[in-house]
Student: 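So that we are looking at the same thing, I have put the structure below in structure tokens.
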Amino acid sequence: VTMLPRAQVAIERVFEIIDTPQTIKDSKNAISVQSGEEVTLSFDKVNFRYPGAEKLALEDISFRLKAGEKLAIIGGTGSGKSTLSNLILRFYDLESGEIEINDVNIQDSYRSELRRKIVFATQKAVLFSGTVRDNLKYGNENATDEELWHALKIAQGYDFVSTLPGRLDARVEQDGSNFSGGQRQRLSIARALATNANILIFDDSFSALDFKTDANLRRALKPETEDKAVIIIAQRVSTVIDADEIIVLDKGKIAGQGTHEELKETNAVYQEIIESQMKGDDI
């Protein structure tokens, strides 16, 4: 008796989501994004505001990224970091400007093709009930065990997975509740690395890792992504320090753009972030 009203409310909510009309659709003249030898991603004077909002969430954002390069995006809470990554996946359409992958505007491309080229690891690692293998193969059903173990080594998850009962066949509870936060993030990163995507986006997905594991992971990641474009979104300076280029976001605008050493010397916002986390001399 007590469960029936709760089930009815849950069903209504589920169907409310299912019945919601899609606002992001493929254009009638959608084209394929050609797979070149080197993937490129560019933002050109991008402006975006959430539906119904008065202020822009992102304003005049421009950059270009190509295969083998690592772009880091850093900023405080609410600066627009995750919004930027959501736009690459075309979860929203722009107010003005263009986002292009391989010189094709993402609004002119098929969403299914676009999202196959991108892999997205979030701060909150989403794991599903099943096995470690099931979760790692979620983005690449054809991945071999050898490829899965290789991805785990890069993600610094080999040591703890290899000691689990059943190893790759070890049980994963819903939402990964039988693993720690750091272990969930490492599994999520390994799942991203096991795909064939050309663009890797790590949205604060190193936040639960200790500094040593973070450094080891970034060191192992570099030779594995020579043919991929990598975006690392973070709040920790130590996570972005070795990026080819760093974008400092502040209230939706680019407050600085350059290498760590350049920003450390010239950018006030970046200097404030450094000082808030540790002594500047320690960076």
Side-chain angles (χ1 to χ4, degrees), residues 22-27 29-34 36 38-123 197-205 228-235 240 243-259 262-263 267 269-270 273:
Q22 290 191 15
T23 56
I24 306 298
K25 298 180 179 179
D26 291 338
S27 70
N29 300 315
I31 60 177
S32 296
V33 177
Q34 297 299 319
E38 289 193 354
V39 66
T40 60
L41 168 67
S42 64
F43 274 53
D44 184 19
K45 298 179 181 178
V46 167
N47 292 306
F48 169 75
R49 81 178 78 230
Y50 286 100
E54 294 183 6
K55 294 183 179 180
L56 288 169
L58 290 173
E59 183 176 351
D60 196 26
I61 305 296
S62 296
F63 63 84
R64 187 172 179 84
L65 178 67
K66 61 183 182 181
E69 293 180 341
K70 183 195 297 181
L71 173 71
I73 300 171
I74 192 170
T77 302
S79 60
K81 303 187 300 297
S82 293
T83 299
L84 188 149
S85 63
N86 288 336
L87 293 181
I88 300 172
L89 291 157
R90 205 186 165 203
F91 288 158
Y92 304 94
D93 277 337
L94 309 180
E95 180 163 304
S96 63
E98 290 186 347
I99 301 174
E100 294 184 340
I101 293 178
N102 291 359
D103 299 320
V104 175
N105 191 321
I106 64 172
Q107 292 183 215
D108 296 330
S109 62
Y110 293 104
R111 287 170 301 154
S112 57
E113 286 190 6
L114 168 70
R115 292 169 184 171
R116 275 198 296 269
K117 293 183 179 298
I118 302 168
V119 67
F120 191 51
T122 59
Q123 179 180 8
N198 303 111
I199 299 172
L200 306 182
I201 303 175
F202 299 102
D203 187 359
D204 216 6
S205 51
K228 303 179 188 296
V230 179
I231 297 177
I232 294 180
I233 298 170
Q235 296 189 44
V240 306
D244 298 299
E245 185 174 31
I246 301 170
I247 289 177
V248 183
L249 281 184
D250 185 34
K251 298 178 181 178
K253 299 179 181 179
I254 294 180
Q257 196 165 350
T259 64
E262 291 169 349
L263 294 170
N267 189 265
V269 177
Y270 193 69
I273 295 173

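Throughout, numbering of the chain's residues begins at 1 and tracks the sequence.
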Student: Side-chain contact, heavy-atom cut-off 4.5 Å: R111 with R90?
Tutor: yes

Student: Under 3.5 Å, side chain of K45 to main-chain N/O of S96, donor-acceptor pair present?
Tutor: no

Student: Say you draw a straight line from CG of N267 to CG of D250; how long is it, rounded to the nearest 0.5 Å?
Tutor: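 N267 atom CG to D250 atom CG measures 9.0 Å (nearest 0.5 Å).
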
Student: Just verifying a value: how many Å separate L114 CG and Q107 CD, rounded to the nearest 0.5 Å?
Tutor: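 Between atom CG of L114 and atom CD of Q107 there are 10.5 Å.
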
Student: Working note: E59 + N47, criterion side chain to side chain contact (heavy atoms under 4.5 Å, CB included); need CA distance, chi angles, decisive distance, verdict.
Tutor: CA-CA 5 Å; E59 183 176 351; N47 292 306; 3.6 Å; yes

Student: Can you name the nearest heavy-atom pair linking G75 to I273, along with the distance?
Tutor: CA-CD1, 4.3 Å

Student: As a test of understanding, state which of I233, I61, I201, V240 forms a side-chain contact (heavy atoms from CB on, under 4.5 Å) with I73.
Tutor: I233

Student: With the side chain counted from C-beta on, respond yes when N86 and D203 share a heavy-atom pair under 4.5 Å apart, and no when they do not.
Tutor: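 The answer is no, as the side chains (C-beta and beyond) never meet within the 4.5 Å cut-off.
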
Student: Measuring only between side-chain heavy atoms, which start at C-beta, is N102 closer than 4.5 Å to V39?
Tutor: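 With C-beta onward as the side chain, the pair touches.
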
Student: Under a 4.0 Å N-O cut-off, is there an ion pair linking R64 with D103?
Tutor: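 Judged by the 4.0 Å cut-off on N to carboxylate O distance, R64 and D103 do form a salt bridge.
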
Student: In terms of ring plane angle, is the pair Y50 and Y92 parallel, tilted or perpendicular, where the classes change at 30° and 60°?
Tutor: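 The arrangement is perpendicular - the two ring planes meet at more than 60°.
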
Student: Show the nearest heavy-atom pair for residues L94 and F48, with the distance to one decimal.
Tutor: CA-CD1, 4.4 Å

Student: How would you list, by chain and number, every residue that makes a ring-ring contact (aromatic ring centres under 6.0 Å, His included) with F202, sequence neighbours excluded?
Tutor: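 Checked F202 against ring-ring contact (aromatic ring centres under 6.0 Å, His included); matches are F206.
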
Student: State the CG-CD distance between N105 and E98, to the nearest 0.5 angstrom.
Tutor: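 That separation rounds to 4.5 Å.
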
Student: Return the CD1 to CD1 distance between I199 and I101, rounded to the nearest 0.5 Å.
Tutor: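 The CD1 atom of I101 is 4.0 Å from CD1 of I199, to the nearest 0.5 Å.
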
Student: Considering non-hydrogen atoms only, spot the tightest contact between Q257 and L263 and give its length.
Tutor: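 It is N-CD2, 3.6 Å.
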
Student: State the CZ-CG distance between F43 and L65, to the nearest 0.5 angstrom.
Tutor: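 Output value for this atom pair is 10.0 Å.
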
Student: If we ignore hydrogens and angles and just use 3.5 Å, is the side chain of D44 paired with the main-chain N or O of G97 as donor and acceptor?
Tutor: no

Student: A side-chain contact here means heavy atoms from C-beta on lying under 4.5 Å apart; do D60 and I254 qualify?
Tutor: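 Of all side-chain heavy-atom pairs linking I254 with D60, none is under 4.5 Å.
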
Student: So which heavy atom on L58 is nearest to which on G80, and how close?
Tutor: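 Scanning both residues completely, I find the closest heavy atoms to be CD2-O, 3.7 Å.
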
Student: Would a 4.5 Å heavy-atom cut-off, applied to side chains only, mark S85 and I231 as touching?
Tutor: no

Student: OG1/T259 to CD1/I246 distance, rounded to the nearest 0.5 angstrom?
Tutor: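 Answer rounded to 0.5 Å: 7.0 Å.
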
Student: With heavy-atom distances below 4.5 Å as the criterion, would you say the side chains of K251 and K55 are in contact?
Tutor: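 Result no, sub-4.5 Å side-chain heavy-atom pair not found.
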
